[in-house]
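Residue numbers run from 1 in the order of the sequence given. We use all heavy atoms of the structure for the numbers below, so side chains are in, but hydrogens, waters and symmetry mates are not. Computed from a predicted model, the values in this text were never measured in an experiment.
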Amino acid sequence: MVTDFQRYKRLLRYAKPYRGRLIAGMSMLALVSLIEPVITIAFSRILDRAFVAEKTVAAVTQGVAMMPAQSVLSQSAVFGWISSVLDALPILWFPFLLVAIFALRGAANFLGDLALHWVSSRVVFDLRQITFAHLLRLPVSFFDRNAAAELTSKITFDTQQIGAVTSQALTTLVQDSLKLVVALVLMAAISWKLTLGVFVIAPIVAVVVRLLTKRLRAASVALQSQMGELSRFTDEGLSNQRSIKIYGAFAQISNAFAERANRVRRTIMKQETANAASAPLMHLVVSLAIAGIVAMAISEGQRGALTAGDFFVFFTALLSLLPPLKSLSAVNSVLQRGLAAAASVFGVIDEPAESAAESNAKTTLQGSVKFDAVTARYAGRDADALIEVSFEIAAGRHVAFVGASGSGKSTAIALLAGFYAPQSGEISVDGKSLKSIGLQMLRDNISLVAQDVLLINDSVAANIAFGSNDGKVDQSRVQWAAQAAGAAKFIETLPGTYAAMVGEGGSLLSGGQRQRISIARALYKGAPIVLFDEATSALDSESERLVHDTLEILGPTHTVIQVAHRLSTIRNADEIFVFDAGRIVEHGTHATLAQQSGSYARLLARQAE
């Protein structure tokens, strides 16, 4: 069982490339904690020199025997040298010195917070990119077991929770732990009496808070919009991962995801910059007010109105002890949320991906297909989807799979595309088993037109040329594919024609138009095997006829396998395979099967009613 410590070590490995900034940020935060005793000692020297020393002089002048106050810190082995340096400075310099110390403290705190949040944003960005790219490579069976919305949440929400572990938790553990240790050392070295003081700078603080809140609100609004776009694109990619696999669009989709994820990262950095600036600005405002109080306290102390103990306890209690205690008490919940999120994300990353090693030389297959006693069953199902199915399709043939819903037609297509592996039997292309061919080479030679059409929020031309490895769009080929698919006519009526945007998921197009774009995409790829999975169900009669003409043109050079419910779309097929309950019960031409009193004839009669 993986422990939280092991998980945290693994998480920190993702921060290793940014260890320079990580160490620098932690050093800045450590510096903030080490400045705290300097501030405390500076106040103690003010108290001793401005109050105790002056009272001693006054008492001696009046003839009263009074020993001068002895500073415990001046005799300390740890803090004595700081007291010596401060004692060498004129007393009236101390208000200005305190402002300088607080400014240095604020700058170090700002730089430390910013560095750790930068590292955190990079870790979140890297984890999102790695997780999304890995998800695209996972087998289809993984997506059968996991809902796309849950996977989207892992990428968008869980990774953000992980970021808190490398920013907020580290900040607290490094800075506040050291602050607490320093405060405890001071409390052990000095015997002090607690008093209560009131220090009000609410109007100035309110102005600073309002300015920071306004900036944070603007960043939050932008972040919500960008997170929505990131979630939408993630869902779009994961919901259509079959098309991405077939068209080899891993790089295209991953790069588009990276752009959106990076926009979210930059907005988060704007938000965190404002967060990081808030504490230093508050401290600077407080330091200015404290400087004024110190100046007045020196004057009041010389007149005997204030005691050294009152002022010292007030300062140390206010700045040295309570904030780190509060932060450390809350850090465990941050760690637990982050580690739970890390377990969720690592669970996805550790899933074995498809073995689709890329080949340097792209091999074009002829397109002959053979199923030899293939039996397949989906995970978690009690019945086989295919039972000892055998058939052969010669290269360049146009065949059709028909049958009732759940008869096994689409399962055969999914097996041929390598989305699933059969339990027994063998599938071969050009006489080679799919295992020997490899998934990458297999899918390079297959085009798929599915029932669920993937259209990205881009131009018509970009959607037709979807998955082009070189990233270039051949406009003449795009237009040829659109013409052959019966899409050219409606594309030319769009504003911008082939440059027109299709909207989210093709929302600006009708169902039939989206289907024709999908068919044009398959033609553009030019793979020798073309799979039509219910591809003509959303087409009107005219477009359906144009697609039939296209299939006739493809016939001699492409193997076309068409899955259809509408039998009118496959009358010209070279051979029709009739599926029933996972078996092939008939096969032949339309004319031959229509004359028999079998399953095909019954399907024809049912559709004619």
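Minimum heavy-atom separation, F233 to I253: CE2-O, 3.6 Å. Here the shortest heavy-atom pairing between A15 and L22 reads CB-CD2, 4.4 Å. Minimum heavy-atom separation, S120 to G163: OG-O, 2.7 Å. Closest non-hydrogen pair, N463 versus R521, comes out as O-NE, 2.8 Å. Contact between P139 and P352 at its shortest, heavy atoms only, is CD-O, 3.6 Å. For V478 against A465, the heavy-atom pair with the smallest separation is CG2-CB, 4.3 Å.
A heavy-atom distance below 4.5 Å is not found between the side chains of I349 and K154. With contacts defined as side-chain heavy-atom distances shorter than 4.5 Å, the pair D113/L29 qualifies. Taking 4.5 Å as the limit, every side-chain heavy atom of F346 sits out of range of all side-chain heavy atoms of D158. Between N262 and R265, the closest side-chain pair of non-hydrogen atoms falls below 4.5 Å. Looking only at side-chain heavy atoms (C-beta outward), D444 and Q440 come within less than 4.5 Å of each other. Taking 4.5 Å as the limit, every side-chain heavy atom of V502 sits out of range of all side-chain heavy atoms of D458.
Below 30°, between 30° and 60°, or above 60°: for Y247 and F466 the angle between ring planes is above 60°, a perpendicular geometry. Using the six-membered ring where Trp is involved, F257 and F132 have ring planes that are parallel, under 30° apart on the 30 and 60° scheme.
Between N255 and E259, the side chains place no donor N or O within less than 3.5 Å of an acceptor N or O (distance only, hydrogens not considered).
Under the 3.5 Å distance criterion, the side-chain polar atoms of K245 are matched with a main-chain donor or acceptor of L138. Not a single donor-acceptor pair under 3.5 Å links the side chain of R105 to the backbone N or O of F102.
For the atom pair CG (L151) and CG (L238), the distance works out to 6.0 Å, reported to the nearest 0.5 Å. Atom CG of D126 and atom CD of Q129 lie 8.5 Å apart (nearest 0.5 Å). Annotation: the span from R21 atom CZ to M28 atom CE amounts to 13.5 Å, rounded to 0.5 Å. Between atom CZ of residue R266 and atom OG of residue S121 there is a gap of 11.0 Å, rounded to the nearest 0.5 Å. Of the inter-residue distances, the one linking L135 atom CG with I155 atom CD1 reads 5.0 Å to the nearest 0.5 angstrom. Taking CZ of R7 as the reference point, atom CG of L11 lies at 10.0 Å (rounded to 0.5 Å).
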Check step by step if side-chain contact (heavy atoms from CB on, under 4.5 Å) holds for R137 and F142.
-> CA-CA 10 Å; R137 296 285 187 179; F142 174 83; over 6 Å; no
Report the C-alpha distance between F143 and R242 in whole Å, list the side-chain angles of each, state the deciding distance to 0.1 Å, and finish with yes or no for side-chain contact (heavy atoms from CB on, under 4.5 Å).
-> CA-CA 10 Å; F143 295 91; R242 294 192 182 195; over 6 Å; no
Quick one: do F419 and I246 satisfy side-chain contact (heavy atoms from CB on, under 4.5 Å)? Show the steps, please.
-> CA-CA 9 Å; F419 294 143; I246 282 293; 3.7 Å; yes
Going through the distances and angles, do L114 and M269 end up as a side-chain contact (heavy atoms from CB on, under 4.5 Å)?
-> CA-CA 8 Å; L114 195 61; M269 282 308 304; 4.0 Å; yes
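For the side-chain contact (heavy atoms from CB on, under 4.5 Å) criterion with R128, the lone passing option out of T234, V123, T159, I162 is T159.
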